[in-house]
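Read through the structure below, which is laid out as structure tokens, and then see the notes.
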Protein chains: 4
Amino acid sequence: MEFKDHQAIYLQIAESVCEKILNGIWKEEDRIPSVRELGTTLGVNPNTVARTYEHLQQREIIYNKRGIGFFVTPGARREILTSQRKQFLQEELPGFFKKLDLLGITIKEIEDFYNKHTQ
Amino acid sequence: MEFKDHQAIYLQIAESVCEKILNGIWKEEDRIPSVRELGTTLGVNPNTVARTYEHLQQREIIYNKRGIGFFVTPGARREILTSQRKQFLQEELPGFFKKLDLLGITIKEIEDFYNKHTQ
Amino acid sequence: MEFKDHQAIYLQIAESVCEKILNGIWKEEDRIPSVRELGTTLGVNPNTVARTYEHLQQREIIYNKRGIGFFVTPGARREILTSQRKQFLQEELPGFFKKLDLLGITIKEIEDFYNKHTQ
Amino acid sequence: MEFKDHQAIYLQIAESVCEKILNGIWKEEDRIPSVRELGTTLGVNPNTVARTYEHLQQREIIYNKRGIGFFVTPGARREILTSQRKQFLQEELPGFFKKLDLLGITIKEIEDFYNKHTQ
DNA sequence: GTGGTCTAGACCACC
DNA sequence: GTGGTCTAGACCACA
């Protein structure tokens with residue numbers, strides 16, 4: 001996996017985990033790969049994955065069974081959805097609209113782009 | 001002024017400068033505040049503002065008259081517009097659309113939000 | 001059974017065993033459940049219970065008859081009482097008092113809580 | 001500084017920081033030592049201190065000014081007090097009382113110990 | 001100077 | 001096998 005430079009790797013991994021849960025690839029109560037396993041898969045130090053998991057555990061998206069591994073928390077999908085929607089609507093969208101105005105782009109143009117994009 | 005955590009302060013200042021130019025608050029060939037002046041205004045180390053100006057100077061949005069100060073480059077407004085439009089359409093929009101899909105938000109909802117937002 | 005995160009599971013099980021002996025639920029010379037039995041009861045790996053029993057055996061609180069099972073050692077109750085009292089008075093209590101001071105809680109309040117608690 | 005074995009060093013450091021704040025040694029809005037500084041003071045790797053600070057930052061007990069250092073959050077003292085009191089009353093005290101009963105220690109004896117202890 | 005991140009490697013307790 | 005912690009050392013962006 002390739003990582004972008006402007007964001008910490010452990011956060012990019014966290015996002016990819018969330019996506020997997022949102023997409024239903026990892027379901028609730030599923031065991032997810034061990035830190036070592038995912039580390040070698042991604043070509044990353046296990047410590048970095050451990051940091052990702054610690055972060056996700058604090059957000060109650062995954063939980064740990066000692067000596068066994070990490071599991072997807074029941075309700076994780078809903079939790080991710082609501083928190084990301086909230087973050088999106090409250091933080092990103094206002095800046096997005098502001099930028100539209102500043103750059104003189106209409107919402108109609110965005111719509112057209114979207115339709116082209118999803119065709 | 002308050003700064004967000006996820007972006008370098010000098011870049012956030014740069015954005016606010018660009019906004020002022022886009023809005024016509026600072027017109028082309030206008031002198032903009034000195035590094036020290038803006039620094040105290042914003043409650044920020046002058047070095048940080050210096051970095052902002054250096055950054056904007058490289059992008060040819062402002063230029064320096066030695067011993068006098070910084071000035072808005074002729075054509076700066078157009079330059080900002082085109083570069084930001086390009087950056088916006090090529091880099092932000094795809095991620096924006098992807099997020100919409102992931103969060104199950106329709107482009108229609110965005111439109112509604114926009115209309116409410118600008119009323 | 002649910003386990004807390006801050007202490008090893010096998011020690012939490014050991015405590016519950018000691019409690020049962022203190023309460024007289026398991027009397028001296030009684031046979032206690034097999035490793036496998038208790039493991040499934042608690043939803044825990046038998047190895048973990050084995051570790052608990054090994055630990056208690058070392059403290060001479062239980063003993064093993066090969067091929068038959070584990071039994072409560074004669075005098076176990078007294079042994080648990082004295083060792084735990086010692087540990088409690090020497091190690092827990094000082095930290096407990098220190099915390100009271102730090103949090104501004106008086107011994108009087110503790111007494112009141114206790115009386116409410118045991119009513 | 002010496003550390004006990006049964007708890008992670010970074011958590012023990014966190015506790016000592018909280019104590020300093022509770023005791024008023026570090027007041028709100030004060031700058032606390034840099035990770036390197038405190039690391040060498042305690043004879044500990046700077047990474048470990050960094051982990052402590054990250055942990056305390058998440059609990060909003062300290063905050064970071066980029067490139068400058070960590071500062072005690074306004075209201076940190078109150079925050080620590082309430083969270084620790086809550087933790088103490090809800091989690092520790094019930095177990096404490098339970099142990100008293102099991103060990104046959106009366107609340108009166110505790111009081112006597114306390115008075116001896118604080119003389 | 002500051003903190004943030006990452007790697008490599010180690011040791012540990014636990015299951 | 002699992003994760004948790006710590007160290008040493010490095011590089012980076014930032015103020």
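Naming convention: chains lettered A, B, ... in sequence-line order (proteins, then strands); numbering from 1 in each chain. Just the heavy atoms: all of them, side chains too, but no hydrogens, waters or symmetry mates, feed the values below.
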- prompt: Can the positive tip of C/K65 be found less than 6.0 Å from the middle of the six-membered ring of C/F70, inside 45° of the ring normal?
  reply: no
field: Donor-acceptor pair present, D/N45 side chain and F/dA8 base, under 3.5 Å
entry: yes
task: Run the salt-bridge test on D/R51 and A/E54 with the 4.0 Å N-O cut-off and return the result as yes or no.
output: yes
message: Without decimals, in angstroms, what is the distance between D/E54 CD and E/dT2 P?
response: 18 Å
message: Side chain of B/Y10, heavy atoms from C-beta onward: which of F/dT7, F/dC14, E/dG3 has the nearest atom to it?
response: F/dC14
task: Indicate, yes or no, whether a donor-acceptor pair under 3.5 Å links the base of E/dG1 to the side chain of D/R36.
output: no
message: If you assign A/P46 and C/Q7 each to the DNA chain E nucleotide with the nearest heavy atom, which residue ends up on the more 5' nucleotide?
response: A/P46
message: From C-beta outward on A/N47, which listed nucleotide comes closest to its side chain: F/dA15, F/dC6, F/dG3?
response: F/dC6
task: Just compare E/dT2, F/dT2, E/dC15 and give me whichever is closest to any side-chain atom of C/I9.
output: E/dC15
message: Tell me if the aromatic rings of A/Y10 and A/F3 count as close, with their centers under 6.0 Å from one another.
response: no
field: Spacing between A/I68 atom CD1 and F/dG4 atom P, to the nearest angstrom
entry: 13 Å
message: Does F/dG3 have OP1 or OP2 under 4.0 Å away from a side-chain N or O of A/R66?
response: no
query: Between atom OH in A/Y63 and atom C1' in F/dT2, what is the gap in whole Å?
result: 15 Å
query: Would one find a side-chain N or O of A/T48 under 4.0 angstrom from OP1 or OP2 of E/dT7?
result: yes
statement: In whole angstroms, the gap separating P of F/dG4 from CG of D/D5 amounts to 18 Å
task: Determine yes or no for a side-chain-to-main-chain donor-acceptor pair under 3.5 angstrom, with A/E28 supplying the side chain and A/G75 the backbone.
output: yes
Nearest-angstrom distance from the residue atom CD of A/Q12 to P of E/dG4: 18 Å
field: Toward the 5' end of DNA chain F, by each residue's nearest nucleotide, D/R51 or A/G69
entry: A/G69
field: Side-chain donor-acceptor contact under 3.5 Å, A/E29 with A/Y63
entry: yes
query: How close or far is atom P of F/dC6 from atom CZ of D/F3, stated in whole angstroms?
result: 9 Å
Selected nucleotide, minimal atom distance to D/S34 side chain, candidates E/dG3, E/dT5, E/dA8: E/dG3
Residue D/E37, side-chain atoms from C-beta onward, closest of E/dA13, F/dC6, E/dT2: E/dT2
- line: Whole-Å distance, D/I62 CD1 to E/dT2 P, equals 15 Å
task: Name the pairing partner of F/dC12, where a pair is Watson-Crick or G-U wobble with both distances under 3.5 Å, or state none.
output: E/dG3
- prompt: Is it true that C/E19 and D/K99 have a side-chain N and a carboxylate O under 4.0 angstrom from each other?
  reply: no
statement: In whole angstroms, the gap separating P of F/dG3 from NZ of A/K65 amounts to 13 Å
- request: For A/A8, answer base if it contacts any base atom (sugar-phosphate contacts may also be present), sugar-phosphate if it contacts only those atoms, and nothing otherwise; contact means non-hydrogen atoms under 4.0 Å.
  value: sugar-phosphate
